[in-house]
Amino acid sequence: MDDQYEERLKKLIVETLALEDVAPGDIVTDAPLFGEGLGLDSIDALELALAIHSEFGVRAEENDPRNREHFHSVASLANFIREKQASPATSAAAAERG
Amino acid sequence: MVGSRHGGGWVRTRGRARVGAAYMTVALYTVAAPFGCVLATGLGLVWRRDPLRRAQRLQRITSSAYRLMHNWLRFWRICHFDYRDALPGLPEGAFVVVANHPTLMDITSISAALGRGFTVVKGELYRRALLRPFLEGAGHVAAADGDPLSAQRVVDEAVARLGDGHPMIVFPEGTRSFADRPRPFGRTAFEVACRAEVPVVSVGIECEPMYLSKEVTVFRPPDPTAQLRLALLAIDHPRDVGFDSRALLARVEGRYGPWLARRRLATLEARP
């Protein structure tokens, strides 16, 4: 399975959130990002959502009941980005941004 | 029987009286709380014309209720807390109060000491029909509750309340503290302070002997009477850390571990 999204996401998390003492390779793909896992908080989630929009052209919407699921781990975020990029609306917006 | 006042019999009688007073307090609270809720909700619905004034009034009413509660607990020697001049040297205008969270009386004591203030309330509680008009009217903010991206709304609303001049009260550990060390702090309060450009007031709360913690229930008031105290640890302005919420969090969080260790040591030394 192509895991380039996972690797890009790990790099993005470390760079965007300026995580000290954490390298992209240290992040476990299926491990929780929040709380007991990587220890991110809700403000980190906001910054990460902005970075994902800027990097992948995918926007996570507030009040989406699946946000918690999407932001659970690197793996779930990567799947969310794949799903969104495959949807016609996102593809059209990305093409428009060109 | 003056001589027996110092004997085991007097201590047992005093202990039973304190437990009896605790039961009476819970009974009174159970009867009075629904009326208080209805009254506060009614006022929240009636005072609709001027939201700012409504928030000020409802916050004052809440603080007055908490002051009454602490006077009651002090009178019955269940817990001693004097809200008068409990936090001297607070800054002018709006600010964010952060505190450790050892007991169930933390919000009531800080609110009683400030005489005003809003906080972030669990969404489940905020959405209850009986409470919402009051909580909304008093300027409290509903928590994000699981949606990581709802933090934006929480931050925006809290910044707006601070802009109106209301102080914000936050327990950045998110839940009750451990007895001997702080839990990791969340960043929301610090992000709010940075965006609103208001100072963060660090408050240390201690209760000795411990009462209304996770371990000590309302029906087990300690003997001697629990002493609840607030200590103003520091005031930090976000501009001192370049409005960086991570740096502000690190600066504030770094104070609590050593402060708790010092207080724990002082408590142990003071014990006979």
Side-chain angles (χ1 to χ4, degrees), chain A residues 9-10 12-22 26-27 30-81 83-84 90, chain B residues 96 98 119-124 126-127 141-159 168 170-176 178 181-196 200 238 241-254:
Chain A
L9 271 169
K10 288 178 187 179
L12 190 70
I13 289 169
V14 171
E15 284 173 1
T16 305
L17 307 179
L19 299 182
E20 288 172 10
D21 307 324
V22 178
D26 297 337
I27 301 174
D30 291 318
L33 293 173
F34 299 90
E36 297 299 314
L38 197 56
L40 304 187
D41 60 31
S42 52
I43 305 298
D44 291 324
L46 291 179
E47 292 177 354
L48 189 56
L50 282 175
I52 287 171
H53 181 234
S54 157
E55 174 84 10
F56 299 97
V58 166
R59 191 189 291 277
E61 300 294 341
E62 189 186 340
N63 294 327
D64 182 338
R66 291 182 66 200
N67 275 343
R68 196 173 190 172
E69 188 188 319
H70 294 147
F71 279 75
H72 174 72
S73 64
V74 168
S76 57
L77 265 178
N79 287 335
F80 166 66
I81 292 166
E83 272 176 32
K84 277 280 198 179
T90 310
Chain B
V96 176
V98 297
T119 189
V120 178
V121 179
K122 280 182 183 167
E124 185 196 336
Y126 197 90
R127 286 188 291 273
V141 175
D145 275 5
D147 178 1
L149 299 188
S150 287
Q152 183 66 58
R153 174 193 52 77
V154 175
V155 170
D156 290 345
E157 289 183 15
V159 168
M168 181 184 189
V170 182
F171 301 107
E173 293 168 87
T175 184
R176 227 92 61 82
F178 293 122
R181 65 190 190 283
R183 294 175 193 267
F185 282 13
R187 196 149 54 99
T188 305
F190 304 96
E191 185 69 19
V192 167
C194 286
R195 293 200 194 178
V200 172
V241 289
F243 296 95
D244 177 349
S245 61
R246 280 194 190 86
L248 189 58
L249 179 151
R251 181 183 275 206
V252 172
E253 190 179 32

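All chains are named by letter (A, B, ...) in the order of the sequence lines, taking the proteins before the strands, and each is independently numbered beginning at 1.
Of the residues considered (B:Pro148, B:Ala144, B:Ala151, B:Gly186), B:Pro148 shows the highest number of contacts with chain A, using heavy-atom pairs under 4.5 Å.
Of the two parts of A:Asn67, the backbone and the side chain both hold a non-hydrogen atom closer than 4.5 Å to a non-hydrogen atom of chain B. A:Leu17 touches chain B through backbone and side chain together, each having a heavy atom under 4.5 Å away. In this structure, the portion of A:Glu47 lying under 4.5 Å from any heavy atom of chain B is its side chain and not its backbone. With a threshold of 4.5 angstrom between heavy atoms, B:Arg246 approaches chain A through side-chain atoms but not through N, CA, C or O. Only the backbone of A:Glu61 comes within contact range of chain B, with heavy atoms under 4.5 Å apart. For a residue to count as touching a neighbouring chain, one of its non-hydrogen atoms must lie under 4.5 Å from one of that chain's; by this rule B:Val155 touches chain A with the side chain only.
Residue A:Arg68 qualifies as open at atom CZ: its count of foreign heavy atoms under 6.0 Å is 12 or below.
Put simply, the side chain of B:Leu149 reaches to within 4.5 Å of the side chain of A:Leu46, judged on heavy atoms.
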- Task: Would you sort out whether B:Arg187 and A:Asp44 count as a salt bridge (charged side-chain N to carboxylate O under 4.0 Å, His left out), showing the intermediate values?
- Result: CA-CA 8 Å; B:Arg187 196 149 54 99; A:Asp44 291 324; 2.5 Å; yes
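With sequence neighbours excluded, the residues satisfying side-chain contact (heavy atoms from CB on, under 4.5 Å) with B:Arg176 are B:His101, B:Leu104, B:Lys214.
A:His70 NE2 to B:Asp147 CG: the interatomic distance, rounded to the nearest 0.5 Å, is 11.0 Å. Rounding to the nearest 0.5 angstrom, the gap separating the CG atom in A:Asp41 from the CD atom in B:Glu191 is 9.0 Å.
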